[in-house]
Amino acid sequence: MTVSTHRVPRLYVERELDGERLTLDERESHYLSHVLRLQRGGRLVVFNGRGAERHASVESLQRRGATLPLAAAQAPLAESTLELTLVQALPKSDAMDLIVQKATELGVAPLVPVYTEFSVVKLEAERAARRLDHWRKIAQSACEQCGRHRPPRIESPGPLVEALTALPSGVGFALDPTAEAALAEQRAPARELVIAIGPEGGFGPADWRRLDAAQFARVSLGPRVLRTETAALAVCAIAQARWGDMT
């Protein structure tokens, strides 16, 4: 007997799912037909990041909208047991897009983009708002793909010093290629872990003074110097394998 490995498509919607039908707008209908490649009669799962997931089917699909009858509910995939916060020095846009996508897949809870001493990218307010909306859409799409129910909370970019004062209490690590201690060899945190990653040039002296004052332990990822986006993926994978739900 042949076993199908085809995954049921998932669609994120920002509204309640407590009725018998869901009406999609023009943008959502376009996504349904051109990205998910669904037609009338097609089956999918819709979810809202608030705890509700429902099986659905495509009853009507037109350019200006679509109608989906909602069927049985299913239990959302549980979040990682590790509350992982990634403090990421803001890189160029395509690198940040990759970090948002993969950090979502790897179970990051809050993602905090920051400006550091050696940051090259600085966004004025209007552009920062557009990028934030863009990153949140990337996170939603990543949830659709990986089965995660709740997209990570992505903060608006701001100075490192402001981010450090707003962070939750917990074990904190900051990447330093010269550090002798390796992240993978550290003791397990309780439930919360914050990891800070600098830009391509690394954290500057002023950054380190702030991180040291906030009691971040300096750790490395081994002998090779990684690009900031590679480092972000590596620390998320290590943290989830050591202390989270990647076993």
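The environment of CZ in Arg15 is crowded: more than 12 heavy-atom neighbours from other residues, nucleotides or ligands sit within 6.0 Å. For Glu20, the CD atom sits in a loose shell: 12 or fewer heavy atoms of surrounding residues, nucleotides or ligands are nearer than 6.0 Å.
Using a 4.5 Å heavy-atom threshold, the side chains of Arg131 and Asp97 count as touching. Contact annotation: the side chain of Leu32 approaches that of Leu11 to within less than 4.5 Å [non-hydrogen atoms, C-beta and beyond]. Using a 4.5 Å heavy-atom cutoff, the side chains of Cys236 and Leu84 are in contact. Side-chain contact between Glu126 and Arg130 is present, with at least one heavy-atom pair separated by less than 4.5 Å. Ile197 places a side-chain heavy atom less than 4.5 Å from the side chain of Leu86. Using a 4.5 Å heavy-atom cutoff, the side chains of Val171 and Phe216 are not in contact. Side chains of Leu17 and Arg50 form no contact here, defined as non-hydrogen atoms less than 4.5 Å apart. With a 4.5 Å cut-off on side-chain heavy atoms, Gln88 and Met96 count as touching.
Summarising the geometry, atom CG belonging to Leu111 is positioned 10.5 Å from atom CZ belonging to Arg136; distances are rounded to the nearest 0.5 Å. For the atom pair CD of Glu229 and CG of Asp94, the computed distance is 7.5 Å after rounding to the nearest 0.5 Å. Rounding to the nearest 0.5 angstrom, the gap separating the OG atom in Ser119 from the CG atom in Asp207 is 7.5 Å. Atom-to-atom distance recorded for Glu53:CD and Gln74:CD is 5.0 Å, nearest 0.5 angstrom. Note: Ser33 OG to Arg63 CZ = 11.0 Å, rounded to the nearest 0.5 Å. To the nearest 0.5 angstrom, Cys146 atom SG is 8.0 Å from Arg7 atom CZ.
The backbone N or O of Gln62 sits less than 3.5 Å from a side-chain atom of Ser29, completing a donor-acceptor pair. The main-chain N or O of Ala182 is found under 3.5 Å from a side-chain atom of Gln186 such that the two form a donor-acceptor pair. Counting only distance, with no hydrogens or angles, the side chain of Thr104 and the backbone of Val100 share a donor-acceptor pair below 3.5 Å. The main-chain N or O of Val45 is never found under 3.5 Å from a side-chain atom of Arg10 such that the two would form a donor-acceptor pair. Using a distance-only test at 3.5 Å, with no hydrogens or angles considered, no donor-acceptor pair links the side chain of His149 to the main chain of Ala78.
Between Trp243 and Phe173, the ring-plane angle classifies as parallel under the 30° and 60° cut-offs.
For the residue pair Tyr12/Glu28, the side-chain donor-acceptor check at 3.5 Å is not satisfied. In this model, no donor atom of one side chain and acceptor atom of the other lie less than 3.5 Å apart for Thr67 and Thr23. Side-chain polar atoms of Gln140 and Glu14 form a donor-acceptor pair below 3.5 angstrom.
The residues Arg150 and Glu79 are annotated as not salt-bridged, no charged nitrogen and carboxylate oxygen being separated by less than 4.0 angstrom. Remark: Arg218 does not engage Glu180 in a salt bridge, criterion side-chain N to carboxylate O under 4.0 Å. For Arg127 and Glu124, the salt-bridge test fails: no basic side-chain N is under 4.0 Å from an acidic carboxylate O.
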Report task. Would you please test Glu105 and Gln145 for side-chain contact (heavy atoms from CB on, under 4.5 Å) and show each step? Result -> CA-CA 8 Å; Glu105 295 178 25; Gln145 184 276 328; 3.7 Å; yes
Query raised in the report: Could you walk me through whether Arg40 and Glu59 pass the salt bridge (Lys or Arg N to Asp or Glu O under 4.0 Å) check?
Result: CA-CA 6 Å; Arg40 288 184 60 185; Glu59 183 177 72; over 6 Å; no
Requested in this report: Take Val108 and Thr85 through the test side-chain contact (heavy atoms from CB on, under 4.5 Å) and record every step on the way to the result.
Outcome: CA-CA 6 Å; Val108 163; Thr85 298; over 6 Å; no
Report task. Check step by step if side-chain contact (heavy atoms from CB on, under 4.5 Å) holds for Val114 and Leu90. Result -> CA-CA 6 Å; Val114 295; Leu90 194 61; over 6 Å; no
Query - Glu26 and Tyr31: CA distance, side-chain angles, deciding distance, side chain to side chain donor-acceptor pair (under 3.5 Å) verdict - result: CA-CA 9 Å; Glu26 183 174 350; Tyr31 184 83; over 6 Å; no
Query - Asp176 vs Trp208, side-chain contact (heavy atoms from CB on, under 4.5 Å): CA-CA, chis, key distance, verdict - result: CA-CA 10 Å; Asp176 178 0; Trp208 281 119; 3.6 Å; yes
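Cluster membership check: Val121 shares its hydrophobic cluster with Ile154, using side-chain heavy-atom separations under 4.5 Å among Ile, Leu, Val, Met, Phe, Trp and Tyr. Side-chain heavy atoms closer than 4.5 Å link hydrophobic residues (I, L, V, M, F, W, Y) into clusters, and following such links, possibly through other members, connects Val46 to Leu61. Note on Leu36: it clusters hydrophobically with Leu22, by side-chain heavy-atom contacts below 4.5 Å among ILVMFWY residues. The hydrophobic cluster containing Ile99 also contains Leu123, counting ILVMFWY residues as joined when their side-chain heavy atoms lie under 4.5 angstrom apart, directly or transitively. Hydrophobic clustering of Ile, Leu, Val, Met, Phe, Trp and Tyr side chains at less than 4.5 Å, counting indirect connections, keeps Leu106 apart from Ile238.
The two residues Pro151 and Gly49 make their nearest non-hydrogen contact at CD-CA, 4.3 Å. Residues Ala139 and Pro152 share a closest heavy-atom pair of CB-CD, 4.0 Å. The nearest pair of heavy atoms linking Pro199 to Ala89 is N-CB, 3.3 Å. When all heavy atoms of Pro110 and Glu83 are compared, the closest pair comes out as CD-OE2, 4.0 Å. When every heavy atom of Pro76 is checked against every heavy atom of Gly51, the shortest pair comes out as CG-O, 3.5 Å.
Between Phe203 and Phe118, the ring centre distance reaches or exceeds 6.0 Å.
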